[in-house]
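Following: one structure in structure tokens, then a few remarks.
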Amino acid sequence: MPAVSKGDGMRGLAVFISDIRNCKSKEAEIKRINKELANIRSKFKGDKALDGYSKKKYVCKLLFIFLLGHDIDFGHMEAVNLLSSNKYTEKQIGYLFISVLVNSNSELIRLINNAIKNDLASRNPTFMCLALHCIANVGSREMAEAFAGEIPRILVAGDTMDSVKQSAALCLLRLYKTSPDLVLMGEWTSRVVHLLNDQHMGVVTAAISLITCLSQKNPDEFKTCVSLAVSRLSRIVSSASTDLQDYTYYFVPAPWLSCKLLRLLQCYPPPEDGAVKGRLVECLETILNKAQEPPKSKKVQHSNAKNAILFEAISLIIHYDSEPNLLVRACNQLGQFLQHRETNLRYLALESMCTLASSEFSHEAVKTHIETVINALKTERDVSVRQRAADLLYAMCDRSNAKQIVAEMLSYLETADYSIREEMVLKVAILAEKYAVDYSWYVDTILNLIRIAGDYVSEEVWYRVIQIVINRDDVQGYAAKTVFEALQAPACHENMVKVGGYILGEFGNLIAGDPRSSPLVQFNLLHSKFHLCSVPTRALLLSAYIKFINLFPETKATIQEVLRCDSQIRNSDVELQQRAVEYLKLSSIASTDVLATVLEEMPPFPERESSILAKLKKKKGPGAVSVSDLDEGKRDGGGELNGAGERGPESSVVSTPSPSADLLGLRSAPPVGSAAQGAGSLLVDVFSEAGPLAPASGVNDDGFLSSEDSAPPLPESDDPPCGPVPFQSFRFVCKNNGVLFENQLLQIGIKSEYRQNLGRMYLFYGNKTSVQFVNFTSTVSCPGDLQSHILCTPTKPVDPLVEGGAQLQQVLNIECLSDFSDAPLLNIRFRYGGALQNLTLKLPLTINKFFQPTEMGSQDFFQRWKQLSLPQQEAQKIFKANHSMDKEVLKAKLLGLGMALLENVDPNPENFVCAGVVQTKAQQVGCLLRLEPNIQAQMYRLTLRSSKDTVSKRLCDLLAEQF
């Protein structure tokens, strides 16, 4: 960049800044700013043409005022005029103003683009760099459309200066992140890859950032970069610090470039070429060897640079997982860091060893450091390091050390930070179950877990121990004895009471022979806890009492007296009252044989995935670790115990899930029975953690959206996508509720209802961040001639401000004028952290939403079917099944479509037929549907006939995606 001469200083700007700093109050500052704004406005509007210096000075003042937090609504044209100046400082200020204050929808964008094109074509490297920086800073879709084809040409041109190539590579990277569909490398691919061989290290460093990003999305196109990256890495690693003097950082040659090269190689599997692979292994060995050498400097910068390369190399070794020697060496190197005085190094070492523990080659090497890790768990001051130590213990656990690790984790639980206790409990429960050889040890461990951290023991944990006890005869007596002893503690957790009530109700007879645990003693012990428990636990205890009557007839009178008291049969809670009345009546009128049949032991649970393991897999947030290392077949193959993970042992017990990161709360499991609370109202608060939803299509039995209802995660990117987002696999054809869209910033929930040709759609906008959204707008438009087919109008504008973690609701009134095939577009715009976010979605509005179901008999159906026999009135598709062909699932989907499902109409009972009328303002369109599944061939034939050909075709296309 050219040097700024002494005369280029702006005295007026310096005086203005000094005045602002000297203001004694906010009012004085605003007064001074208003005075300056009035002066600048008069200068810009004056007859006398301003010279470049004056324009630059005033534009700088406006920029400073904007950075103080005040709105600027003029001066943009003057800034654009500065772009045509031949003076560097004037052009620089113009580009700076545009980068900060001009948005992508400005009317001036065409003038700005023309100025940028002129500078890119000027061949002046300084001006070219300024233009490229501006494109990257704005990074809008409009910029990408204008320059995505020009920048790759500049990047690979032979006469482009090195500084411009660096800027071009980083500019292209920015455009690719914001608009990947517009940045098509095509013919430039090989020439961009060969930038890794460039003589200028700065160009290589910039180019590798671009290539890494491109490789992550299109690995096959850029796989030739592997050999070039290995070659470049080999030259850096083998060079002395004096060979790359300009790029040596505290005696470490090119550390940033080395890290980027190692990260690029992690996008690909190990090289197939033996020579390339050998050279890479040699590089990795050299990096590990250099880590053992004494430091060449005591400066922290030296060790940071050296360790950065080492950890990136270890990540690559772990990624390949094919070199036993390197994996063991990496483990030993990390082991040395476990006792390093630097906290960050200990943290990174523990984190990397968690991944190494899952490799068959390095698992044993990791286990040798168990004592050091246990010591870190006990003595580390930093909670994040303690959490990583717990993660590593969990990862290195196998049959040989399970008892030691579980004991240490239980010991740590007593003093563990509250933020990680729930996850620790899950891990202890999983390890105890997975590696239990002695099931009495498993029972002891889980009961100890409940005693130590009862508040953090989720229902999945105590459900699981009950399932395992029921499935294993050899542990039932021990479990009953142990839980009986645990309940004798003066204060025991409610979860212990639940486990005790269930196990004693099922297997209390196994310990009843001991006078110390006679039936009446067991009952009195349980009942002493009754009044201290919540309603769900009391309900479970009542079930245990009626089981006692079956197991121990001598307790019948005592228990009937308890059930008969007013506090039970007149309880304000309906569930408790109903149980008390029914159990009392059952015990009074049923014979011994009937009672024994009704209250027989619970049958063994079917074998499924452990619900605890499933919960840990789903768990998100800080400290959540992968449980892939617990998959079958890894290390010593400790199998799951018998038991199910899906149903709880007592259907009346309320499930209370821990708070989820999901802002809308549509994915969290709700309390049983909560759905009824809001079933009558459409205006529910879907943003609550476990708020109710009205039962509708696509809603599970609890009244909540099932997991498949949530939008699939979007690719990670700096900004939300700007193009229209289409229906994702037609997810909303057969349902009206769900998550329409979700990214890192925003979650959009939807709920709708329709009657005849009218509908109402509720949109819920959730801010997932802690930063407020400003200038929030939401507009609905109908592309093309859709406006003549459907009306979709908001009842009122949305609030322009959305606080962090808050929600907005918008109501759309819908009227179907005639049949349609496209969908209205929802455009959402807001500013987040100063950056404009622009999102366009297709609303899930399809023609079947306006169905009126029509009941008819077999004769009427086939008579109407024959009447609709013209070729254009029928649409038919034969296709392979994409989902389960379960009969009940198919029925639910067809009912969700909106038509009437006609039973006993088709001669073939395996077929489904439906009838309905599409209600539009212009006309009513009768429709008949026939779905013929072939389970053996896993195929369907779908036939639709309607009085209007476009409706038949559209419905056929929509429905074919559902089955």
Drop me the distance from [X]'s [atom1] to [Y]'s [atom2], to the nearest 0.5 angstrom.
{"X": "Leu130", "Y": "Ile135", "atom1": "CG", "atom2": "CD1", "result": "11.5 Å"}
{"X": "Leu740", "Y": "Leu826", "atom1": "CG", "atom2": "CG", "result": "7.5 Å"}
{"X": "Met128", "Y": "Ser167", "atom1": "CE", "atom2": "OG", "result": "9.5 Å"}
{"X": "Leu62", "Y": "Ile72", "atom1": "CG", "atom2": "CD1", "result": "5.0 Å"}

Do other residues, nucleotides or ligands put more than 12 heavy atoms under 6.0 Å from [X] [atom1]?
{"X": "Met201", "atom1": "CE", "result": "yes"}
{"X": "Lys290", "atom1": "NZ", "result": "yes"}
{"X": "His194", "atom1": "NE2", "result": "no"}

- Message: Under the criterion side-chain contact (heavy atoms from CB on, under 4.5 Å), I'd like the reasoning laid out for Leu175 against Leu182: C-alpha separation, chi angles, the key distance, then a yes or no.
- Response: CA-CA 8 Å; Leu175 294 183; Leu182 296 178; over 6 Å; no
I need the minimum non-hydrogen distance between [X] and [Y], along with the two atoms involved.
{"X": "Ala157", "Y": "Thr160", "value": "CB-OG1, 3.2 Å"}
{"X": "Arg263", "Y": "Glu312", "value": "NH2-OE1, 2.9 Å"}
{"X": "Val59", "Y": "Gly75", "value": "CG2-O, 4.5 Å"}
{"X": "Pro271", "Y": "Val226", "value": "CG-CG1, 4.0 Å"}
{"X": "Lys306", "Y": "Val252", "value": "N-CG2, 4.2 Å"}
{"X": "Ala79", "Y": "Phe97", "value": "CB-CD2, 3.3 Å"}

- Item | Sole residue of Asn124, Asp119, Leu82 in side-chain contact (heavy atoms from CB on, under 4.5 Å) with Lys91 | Asp119
Donor-acceptor pair, distance only, cut-off 3.5 Å: does the side chain of [X] make one with the backbone of [Y]?
{"X": "Asn218", "Y": "Glu221", "answer": "no"}
{"X": "Thr178", "Y": "Gly139", "answer": "yes"}
{"X": "Ser303", "Y": "Val300", "answer": "yes"}
{"X": "His302", "Y": "Tyr250", "answer": "yes"}
{"X": "Thr248", "Y": "Phe251", "answer": "no"}
{"X": "Tyr247", "Y": "Leu257", "answer": "no"}
{"X": "Ser359", "Y": "Leu356", "answer": "no"}
{"X": "Ser85", "Y": "Lys87", "answer": "yes"}
{"X": "Asn767", "Y": "Ala806", "answer": "no"}

Taking side-chain contact (heavy atoms from CB on, under 4.5 Å) as the definition, give me every residue that meets it alongside [X], ordered by chain and number, with sequence neighbours left out.
{"X": "Thr343", "result": "Arg346, Asp382, Val385"}
{"X": "Ala291", "result": "Leu310, Gln333"}
{"X": "Ala146", "result": "Asn113"}

Under the rule for side-chain hydrogen bond (donor to acceptor under 3.5 Å, both in side chains), what residues qualify as partners of [X], not counting sequence neighbours?
{"X": "Gln301", "answer": "none"}
{"X": "Asn827", "answer": "Asn838, Thr840"}
{"X": "Ser215", "answer": "Tyr268"}

Show me the donor-acceptor pairs within less than 3.5 Å that the side chains of residues 273-284 make with the rest of the protein, sequence neighbours left out.
{"from": "Asp273", "atom 1": "OD1", "to": "Ala275", "atom 2": "N", "distance (Å)": "2.9"}
{"from": "Arg279", "atom 1": "NE", "to": "Ser234", "atom 2": "OG", "distance (Å)": "3.3"}

- Task: Check step by step if side chain to side chain donor-acceptor pair (under 3.5 Å) holds for Ser778 and Tyr765.
- Result: CA-CA 10 Å; Ser778 170; Tyr765 306 106; 2.8 Å; yes
- Message: Let's go through Glu742 and Lys768 carefully: what are the C-alpha distance in whole Å and the side-chain angles of both, what is the deciding distance for salt bridge (charged side-chain N to carboxylate O under 4.0 Å, His left out) to 0.1 Å, and is it a yes or a no?
- Response: CA-CA 9 Å; Glu742 182 174 9; Lys768 294 174 64 177; 2.8 Å; yes
- Query: According to the salt bridge (charged side-chain N to carboxylate O under 4.0 Å, His left out) rule, which pairs have a member within residues 156-167, sequence neighbours left out?
  - Reply: Arg123-Asp159, Lys165-Asp198
- For Leu746 and Phe773, what are the C-alpha separation, side-chain angles and deciding distance, and is it a side-chain contact (heavy atoms from CB on, under 4.5 Å)? CA-CA 10 Å; Leu746 179 70; Phe773 295 162; 4.0 Å; yes
- Message: Evaluate Met10 against Lys56 for side-chain contact (heavy atoms from CB on, under 4.5 Å), listing each step before the verdict.
- Response: CA-CA 9 Å; Met10 291 173 280; Lys56 177 182 71 172; 3.7 Å; yes
My understanding is that only residues two or more places apart in sequence, or in another chain, count here; which of them pass ring pair (Phe, Tyr, Trp, His ring centres under 6.0 Å) with [X]?
{"X": "Phe147", "answer": "none"}
{"X": "Phe337", "answer": "Phe311"}
{"X": "Tyr249", "answer": "Trp256"}

- For Lys55 and Glu90, what are the C-alpha separation, side-chain angles and deciding distance, and is it a salt bridge (charged side-chain N to carboxylate O under 4.0 Å, His left out)? CA-CA 8 Å; Lys55 281 184 186 177; Glu90 293 173 10; over 6 Å; no
- Determine the interplanar angle of the Phe776 and Phe830 rings, folded into 0 to 90°, and report it as parallel if under 30°, tilted if 30 to 60°, perpendicular if over 60°. parallel
- Asp391/Arg388 ion pair, N-O < 4.0 Å: yes
- Could you tell me which residues satisfy salt bridge (Lys or Arg N to Asp or Glu O under 4.0 Å) with Arg831, sequence neighbours excluded, listed by chain and number? none
- Task: Could you please spell out the steps behind the side chain to side chain donor-acceptor pair (under 3.5 Å) verdict for Lys260 and Thr205?
- Result: CA-CA 8 Å; Lys260 285 174 182 283; Thr205 306; over 6 Å; no
